[in-house]
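Everything on this sheet refers to the single structure shown next.
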Amino acid sequence: MIRPLRHFAKPAAVVLLATGVLSSVATVALAQYVPPDRGLPGRREGGGTRGECILSQPTLTALIPSQNFGTTVKEYPSFFWYVPQTSATTAEFVLMDGNRIVYEKTIDLPRSPGILQVSLPQDGSVPPLTVGKDYQWYFSIICNADDRSGDLLTRGWVQRQALSPALATKLTQTPLAEHATVYAQAGIWYDAVEALADLRQQPVTPMGVRQSQLLSDRWNRLLGSVGLEGFANQPFIVSRNP
């Protein structure tokens, strides 16, 4: 039986208009990542010889595609991991250009599990990523500072691409809430994740409940498009030395 139109759910564009996120009617698509046709050796899930300091499952997991490779158009991108409950107190992030360390940071781990963000500093202490160059990163939970063979390790790759005029124009003409979708459809993984993560970490007002649910749906869709839907409901956590 065909139901009256009034029983159908409001389209996402209408919900966004009602919350003031969109200024004009638009076709709103959930963030769906379109990966580039490339993969590199890496490790999305934490691996090590022991990893005895991990107290809960799932294990340490980088929020990256299964190809272990993603792109950015930013000079200083951000990276994200799910960090499980652990007895370890520190982690380490290292960004490499070949055999050269570009950036190295020791991180005081939060006590609770959740999604941790690490951003490259923009204070001049780190050179901007070079367009077209592959950089490898490592993120390790340090179970025993005296025996690093027990580290729980993830590693992946990032490449900065030039911001094309077409993509720049599309971002300019698109509301902020839609930027993650624009990046995802263009295959720009790191910036799609960062755009949604930034919005999801903003305080939710009573008027913004519907907007928050829409952003949550997009976060689920984006992570699900690379097989990480199991982490979509994890909270964001903050390092004790951001």
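All values below were derived from every heavy atom in this structure, side-chain atoms included, with hydrogens, water molecules and symmetry-related copies excluded. All of these numbers come straight from a predicted model, not from anything done at the bench.
Panel note: side chain T86, backbone C53; a donor-acceptor pair is recorded below 3.5 Å. Side-chain N or O atoms of Q201 include one that pairs as donor or acceptor with a backbone N or O of A197 at under 3.5 Å. Between the T169 side chain and the P165 main chain, a donor and an acceptor come within less than 3.5 Å of each other. Between the side chain of Y135 and the backbone N or O of T130, at least one donor-acceptor pair lies under 3.5 Å. Here the side chain of T59 pairs no donor or acceptor atom with the backbone of E45 at under 3.5 angstrom. Here the side chain of W189 pairs a donor or acceptor atom with the backbone of L63 at under 3.5 angstrom. In this structure, S56 contributes its side chain and Q85 its backbone to a donor-acceptor pair below 3.5 Å. The main-chain N or O of L153 is never found under 3.5 Å from a side-chain atom of D151 such that the two would form a donor-acceptor pair.
Annotation for L167: hydrophobic cluster partners, listed by chain and number, are V73, L163, L171, V182, Y183, I188 (ILVMFWY side-chain heavy atoms under 4.5 Å, direct or chained). Other members of the cluster containing V131 do not exist, because no ILVMFWY side chain is joined to it at under 4.5 Å. Grouping Ile, Leu, Val, Met, Phe, Trp and Tyr residues whose side-chain heavy atoms lie under 4.5 Å apart, directly or via other members, places F69 in a hydrophobic cluster with L40, W157.
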- [ ] Test salt bridge (Lys or Arg N to Asp or Glu O under 4.0 Å) on K170 and E178 and set out the steps.
- [x] CA-CA 10 Å; K170 193 168 186 178; E178 298 300 308; over 6 Å; no
Task: Full working for side chain to side chain contact (heavy atoms under 4.5 Å, CB included) between M96 and Y138 - done: CA-CA 8 Å; M96 303 286 296; Y138 300 83; 3.8 Å; yes
- [ ] Take V102 and V126 through the test side chain to side chain contact (heavy atoms under 4.5 Å, CB included) and record every step on the way to the result.
- [x] CA-CA 7 Å; V102 176; V126 178; 3.9 Å; yes
- [ ] Please test T71 against V158 for side chain to side chain contact (heavy atoms under 4.5 Å, CB included), starting from the C-alpha separation and ending with a verdict.
- [x] CA-CA 5 Å; T71 60; V158 60; over 6 Å; no
TODO: Decide yes or no on side chain to side chain contact (heavy atoms under 4.5 Å, CB included) for L60 and I54, but give the supporting numbers first.
DONE: CA-CA 9 Å; L60 173 67; I54 302 304; 5.6 Å; no
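For D37, the CG atom sits in a loose shell: 12 or fewer heavy atoms of surrounding residues, nucleotides or ligands are nearer than 6.0 Å.
To the nearest 0.5 Å, atom CZ of residue R160 and atom NZ of residue K74 are 12.0 Å apart. For the atom pair OH of Y190 and CD of Q159, the computed distance is 11.0 Å after rounding to the nearest 0.5 Å. The CG atom of D191 sits 11.5 Å away from the NE2 atom of H179 when rounded to the nearest 0.5 Å. Here the OG1 atom belonging to T181 is positioned 9.0 Å from the CZ atom belonging to R221, to the nearest 0.5 angstrom. Expressed to the nearest 0.5 Å, how far CG of L199 lies from CZ of R218 amounts to 9.0 Å.
Scanning all heavy atoms of the two residues, the minimum distance from Q67 to P35 falls at NE2-CB, 3.8 Å. When all heavy atoms are compared, the tightest approach of E75 to P128 is CB-CB, 3.6 Å. Of all heavy-atom pairs between W137 and L95, the closest is CB-CD1, 4.0 Å. Residue L196 comes nearest to A180 through the heavy atom pair CG-CB, 3.4 Å, listed as atom of the first residue, atom of the second, then distance. Contact between E104 and E92 at its shortest, heavy atoms only, is OE2-OE2, 3.2 Å. Across all non-hydrogen atoms, the minimal contact from P58 to Y82 is O-CE2, 3.3 Å.
The shortest side-chain heavy-atom distance between L223 and Y33 does not fall under the 4.5 Å cut-off. Proximity of R44 to N68: side-chain heavy atoms (C-beta onward) are separated by under 4.5 Å at one or more points. Put simply, the side chain of L55 does not reach to within 4.5 Å of the side chain of P84, judged on heavy atoms. Residues V193 and L222 are in side-chain contact: their nearest non-hydrogen atoms beyond the backbone lie under 4.5 Å apart. Using a 4.5 Å heavy-atom threshold, the side chains of E229 and N220 count as separate. For the pair T90/D108, a side-chain contact is recorded, criterion being any heavy-atom separation below 4.5 Å from C-beta on. Counting only heavy atoms from C-beta outward, the side chains of L120 and L129 approach each other to under 4.5 Å. Using a 4.5 Å cut-off on side-chain heavy atoms (C-beta onward), I237 and P113 make no contact.
At a cut-off of 3.5 Å, with distance as the only test, a side-chain donor of Q117 or S78 sits close to an acceptor on the other residue. In this structure, a donor-acceptor pair under 3.5 Å is present between the side chains of D217 and Q213.
Under the ring pair (Phe, Tyr, Trp, His ring centres under 6.0 Å) criterion, F236 pairs with W219, sequence neighbours left out. Judged as a salt bridge (Lys or Arg N to Asp or Glu O under 4.0 Å), and not counting sequence neighbours, the contacts of D134 are R38.
Sequence neighbours left out, the pairs with a member in residues 90-131 that pass ring-ring contact (aromatic ring centres under 6.0 Å, His included) are F79-F93, W81-F93.
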